[in-house]
Chemist: 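Here it is, the structure in full.
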2 protein chains.
Amino acid sequence: MSQAREPVQIRQTDSRTAILESAERAFADQGFGGASIRAIAREAGVNQAMVHYYYQNKDQLFRSVVARRSGQVNDRRNDALDALFQDGVPGLEELMEALLRPTIEIGHDDAHGGPAYARLIVAFNNAADERSQNVAKEYYDPIARRSIDAMRRVVPALGKAEAVRSYLFAISLALSLMAKTGRAARLSDGLCDDSDTEETVANAVAFACAGIRALANKNNIQNRQSG
Amino acid sequence: MSQAREPVQIRQTDSRTAILESAERAFADQGFGGASIRAIAREAGVNQAMVHYYYQNKDQLFRSVVARRSGQVNDRRNDALDALFQDGVPGLEELMEALLRPTIEIGHDDAHGGPAYARLIVAFNNAADERSQNVAKEYYDPIARRSIDAMRRVVPALGKAEAVRSYLFAISLALSLMAKTGRAARLSDGLCDDSDTEETVANAVAFACAGIRALANKNNIQNRQSG
DNA sequence: ACCAGCCTTAATCAAACGTTTAATTAATGA
DNA sequence: TCATTAATTAAACGTTTGATTAAGGCTGGT
């Protein structure tokens, strides 16, 4: 018997991830329909047949792009949740920072293609087409459910419907911060930088926590009146 | 002299707006690149050359779709702002409702294709490509600037950067409510309906106002400490 | 040296794309 | 009635698309 070897990963690494990163940029900039496999291959510096060799078709290429990044973000979120609830129930600010920080930080990670994925994830987060919904369901629903449960443990007054809404609000808020469309800078005449990760996280957490408490109070008052 | 007549509009109305509405749905569902003029024409029940006859090319077709709806929303917003500030400075809740309600309501207007435009506007609101940015700049920046100024008059403690961020947060929040991706219903096991316009507006306003006040306080405290 | 396996290539396919054209029909004003 | 204009059509343009194929190069194990 020969000893263990893994020549496969070593050899395929270059082209495989080059395609993935090129695809990430293309999907982010032009959408699924607008991106072309030919252009993705060209920018990755590989033959266009290589895209099909590694990823079979355009649909699976898209899923592979999302799978890689969502894994990075959600691993960090899950770890943070584990740590937070280990010593009892944390505060709302801690919880929301744990949920929002990984999302915002990956979008700010210029060196590793974060902004491109940020644009991509924003685009399909609010999309209603079947492909986007299937991908969202597979890669983001599990962490979403866990986060919503966590929010209700931290703020017991929060009803389930309000918790879901709050989570989606907070996420949509964090995503709008990742997108870096340049609109904030334009509207503020350059005052909003958004490259300051810490300030961005702080703003998002502050805004989200205040909003969540408002929904929880609203829910509470309604229950008292009707009950 | 013959009496007044407008045969042109009457004759072209049918096909012209049929194309526009079909295009709205196509762009919303498949994105700019994914939507095809052929399919748009087919679903509108017209020859595909008609699309170019009325709208020259795909780019102008897209702009025409946005122009029509943004006009509807922003006229209502501008009127509401005029009315609000006529008798002095309104409260934050009134202001935010004036800004968010038109956006949310048009997304809930099932009978007039609102949901399709909602999805479309969400998609390109966070997009960074040149086309989306140009359209956003032309059709949405003016009302955005006016709204941001209004917010600062109502909440003087709000710095300019915070006001811009707050506005973008609030809008992204309202848009995520319009989108109706089905995700809220799925995550809440059907509890979140989002077809109740009044409750949706109330939730969005409550969340946004609380968040804005939080940012204003944060800004205030920082100024006191550093000043 | 040789084979077997991944990796890479150029060439090719049918289908769909946005756009243009020329010709036809329907409605109008004189 | 007749020329004029607007609306509509079918057909074709050249290009690009996603996907497939068959062939060749490279590498490591024997």
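Since this is a predicted model, take the numbers as computed values, not measurements. So you know, we letter chains A, B, ... as the sequences are listed, proteins then strands, and number each from 1.
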Chemist: Provide, to the nearest angstrom, the distance between the CD atom belonging to Gln48(B) and the C1' atom belonging to dG18(C).
Modeler: 8 Å
Chemist: Between Ile143(A) and Ser147(A), is any pair of side-chain heavy atoms under 4.5 Å apart?
Modeler: yes
Chemist: Mind calculating the distance between CD (Gln30(B)) and P (dT17(D)) to the nearest angstrom?
Modeler: 17 Å
Chemist: Do any side-chain nitrogens or oxygens of Tyr53(A) fall under 4.0 Å of OP1 or OP2 in dC7(C)?
Modeler: yes
Chemist: Nearest-Å distance, CG (Leu61(A)) to C1' (dA19(D))?
Modeler: 13 Å
Chemist: For Ser188(B) and Arg165(A), which I'm curious about, is there any donor-acceptor pair between the side chains at under 3.5 Å?
Modeler: no
Chemist: Can you see which heavy atom on Glu43(B) is nearest to which on Ser22(B), and at what distance?
Modeler: CB-OG, 3.6 Å
Chemist: Check whether any side-chain N or O of Ser15(A) sits under 4.0 Å from OP1 or OP2 of dC7(C), and answer yes or no.
Modeler: no
Chemist: Asp59(B) CG to dT19(C) P: how many Å, rounded?
Modeler: 8 Å
Chemist: Phosphate oxygens OP1/OP2 of dT8(C): is one of them under 4.0 Å from a side-chain N or O of Tyr54(A)?
Modeler: yes
Chemist: Relative to the 5' end of DNA chain D, which residue comes earlier, Asn47(B) or Ala35(A), by the nucleotide with the nearest heavy atom?
Modeler: Asn47(B)
Chemist: What is the distance, to the nearest angstrom, from the CE atom on Met50(B) to the P atom on dT8(D)?
Modeler: 4 Å
Chemist: Could you give the CZ-to-P distance, from Arg38(A) to dT15(D), as a whole number of Å?
Modeler: 13 Å
Chemist: Identify the two heavy atoms, one from Gly33(B) and one from Lys58(B), that lie closest to each other, and give their separation to 0.1 Å.
Modeler: O-NZ, 3.8 Å
Chemist: Between Asn74(A) (side chain only) and Arg77(A) (backbone N and O only), is there a donor and an acceptor less than 3.5 Å apart?
Modeler: no
Chemist: Which ones in residues 19-28 of chain B lie close to DNA chain C, meaning a heavy atom under 4.0 Å from one of its atoms?
Modeler: none
Chemist: Are Glu198(B) and Arg101(B) close enough for a salt bridge, meaning some N to O gap below 4.0 Å?
Modeler: yes
Chemist: When you measure from the side-chain N and O atoms of Ser36(A) to the phosphate of dT17(D), is any distance below 4.0 Å, counting only OP1 and OP2?
Modeler: yes
Chemist: Angle between ring planes, Phe207(B) versus Phe207(A), binned at 30° and 60°: parallel, tilted or perpendicular?
Modeler: tilted
Chemist: For the pair made of NE2 in His52(B) and C1' in dT19(C), what is the distance, rounded to whole Å?
Modeler: 5 Å
Chemist: Answer yes or no: is there a donor N or O on one side and an acceptor on the other, between the side chain of Tyr55(B) and the main chain of Arg16(B), under 3.5 Å?
Modeler: yes
Chemist: How long is the line joining CG of Asp14(A) and P of dC26(D), in whole Å?
Modeler: 16 Å
Chemist: Please round to 10 degrees the angle between the axis of the first five pairs and the axis of the last five pairs in the helix from dC7(C)-dG24(D) to dA30(C)-dT1(D).
Modeler: 10°
Chemist: Which word best sums up how the rings of Phe32(A) and Phe27(A) line up, parallel for under 30°, tilted for 30 to 60°, or perpendicular for over 60°?
Modeler: parallel
